[in-house]
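Worth knowing before you read on, the calculation uses all heavy atoms, side chains too, and leaves out hydrogens, waters and symmetry mates.
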Amino acid sequence: MENDFSHGGDQPEHPEAASARETLRQLQDDGSRLAARVVTPWWYHPALGVIVAAFVGSQVLPGSTAIWIVAVGIMLLPVLTITYNRRYGVSTTQPAGSRGKRLLLTLLAILILAMVSSLAIKFLAFSPWWGLIPAVSALLATVVLGRRYDDALRDELGGRTGRA
């Protein structure tokens with residue numbers, strides 16, 4: 001009578017364990033290949049930053065100008081994302097790990113602060129030129145943190161971990 005722990009010849013001790021290890025190795029390889037495909041073109045974050053800066057900066061403008069700028073920005077966002085998706089064939093909808101999530105939440109907090117600052121400038125009746133400060137801050141945050149987010153996403157998809 002033979003038990004489960006004995007093995008003869010070249011057979012692995014536990015065929016299920018060997019199969020599971022091979023499947024995990026293949027998944028890691030797939031993650032590495034996916035990480036290599038998630039390449040954001042140089043123009044993506046500056047274009048997104050300009051749209052975000054227009055949203056933020058438009059809030060200090062008088063009359064219906066802000067509405068028109070926001071409307072154009074809303075139309076440009078899908079154009080930007082569709083162009084990226086068609087060109088590279090990869091789309092991500094959420095962070096792949098904790099570092100990416102922290103960067104995304106940091107960016108969101110900065111953009112909210114910039115928007116609130118623009119609204120405060122308008123309601124306090126400061127010169128609309130002061131609106132450039134939160135608009136430029138939003139643009140820079142979008143470009144810098146967007147690129148760091150992409151790096152974190154690639155690292156997390158590829159199974160590598162790092163610190164922000």
Side-chain angles (χ1 to χ4, degrees), residues 24 26-164:
L24 283 174
Q26 290 174 352
L27 286 172
Q28 288 172 337
D29 290 346
D30 286 345
S32 296
R33 282 192 295 275
L34 178 61
R37 288 194 66 192
V38 179
V39 177
T40 305
W42 69 269
W43 50 264
Y44 182 82
H45 292 294
L48 181 60
V50 167
I51 294 169
V52 169
F55 284 149
V56 171
S58 70
Q59 300 309 305
V60 300
L61 299 175
S64 64
T65 308
I67 294 170
W68 285 104
I69 292 173
V70 170
V72 169
I74 288 172
M75 289 186 288
L76 288 175
L77 282 174
V79 169
L80 182 64
T81 56
I82 289 169
T83 301
Y84 171 75
N85 292 342
R86 285 188 180 161
R87 182 172 172 112
Y88 293 93
V90 177
S91 173
T92 57
T93 58
Q94 62 185 10
S98 61
R99 182 175 160 216
K101 187 174 185 177
R102 280 193 313 271
L103 285 166
L104 191 60
L105 291 174
T106 301
L107 179 58
L108 182 62
I110 291 170
L111 296 182
I112 289 170
L113 183 62
M115 185 66 81
V116 169
S117 297
S118 285
L119 291 171
I121 289 167
K122 182 174 186 169
F123 290 125
L124 295 173
F126 290 143
S127 168
W129 288 105
W130 284 103
L132 287 174
I133 294 171
V136 170
S137 299
L139 181 135
L140 292 174
T142 301
V143 172
V144 172
L145 292 179
R147 289 183 174 154
R148 289 189 69 193
Y149 173 81
D150 285 348
D151 292 341
L153 180 65
R154 278 190 296 280
D155 286 349
E156 291 166 345
L157 286 173
R160 300 178 304 269
T161 58
R163 303 297 272 168

Checklist entry - Would Arg147 and Asp150 pass as an ion pair if we require N to O under 4.0 Å? => result no

Next on the checklist: Can you tell me how far apart CD1 (Ile82) and CZ (Arg87) are? Round to the nearest 0.5 Å.
Outcome noted: 16.0 Å

With a cut-off of 3.5 Å and sequence neighbours excluded, list every side-chain donor-acceptor pair involving residues 64-79.
unit_1, atom_1, unit_2, atom_2, d
Thr65, OG1, Pro62, O, 3.4

Checklist entry - Take atom NZ in Lys101; do more than 12 heavy atoms of anything else shown fall under 6.0 Å from it? => result no

Item to check | CA sep, side-chain torsions, deciding dist, call: Leu80, Trp43, side chain to side chain contact (heavy atoms under 4.5 Å, CB included) | outcome: CA-CA 10 Å; Leu80 182 64; Trp43 50 264; 3.6 Å; yes

Checklist entry - Going through the distances and angles, do Asp151 and Arg148 end up as a salt bridge (charged side-chain N to carboxylate O under 4.0 Å, His left out)? => result CA-CA 5 Å; Asp151 292 341; Arg148 289 189 69 193; over 6 Å; no

Next on the checklist: Treating Thr142 as the side-chain partner and Leu48 as the backbone partner, does any N or O pair qualify as donor plus acceptor under 3.5 Å?
Outcome noted: no

Checklist outcome for this item: Here the pair of heavy atoms bringing Leu103 nearest to Ala152 is CD1-CB, 3.9 Å

Next on the checklist: Looking at Ser118, is its backbone amide N or carbonyl O close enough to the side chain of Gln59 to form a donor-acceptor pair, meaning the two atoms are under 3.5 Å apart?
Outcome noted: no

Next on the checklist: So, using side chain to side chain contact (heavy atoms under 4.5 Å, CB included) as the criterion, who are the partners of Leu139 when residues are at least two apart?
Outcome noted: Val50, Ala53

Checklist outcome for this item: Taken in chain and number order and not counting sequence neighbours, the residues that satisfy side chain to side chain contact (heavy atoms under 4.5 Å, CB included) with Trp42 are none

Considering only distance and modelled atom types, tabulate donor-acceptor pairs under 3.5 Å from the side chains of residues 104-117, sequence neighbours left out.
unit_1, atom_1, unit_2, atom_2, d
Thr106, OG1, Arg102, O, 2.8
Ser117, OG, Leu113, O, 2.8

Next on the checklist: Holding to side chain to side chain contact (heavy atoms under 4.5 Å, CB included), I want the full list of residues that pass it with Trp130, two or more places apart in sequence or in another chain.
Outcome noted: Ile121, Phe126, Ser127, Ile133

Next on the checklist: Among residues at least two apart in sequence or on other chains, which ones pass side chain to side chain contact (heavy atoms under 4.5 Å, CB included) with Thr81?
Outcome noted: Tyr44

Checklist outcome for this item: Scanning both residues in full, the closest heavy-atom pair of His45 with Thr40 reads NE2-CG2, 3.7 Å

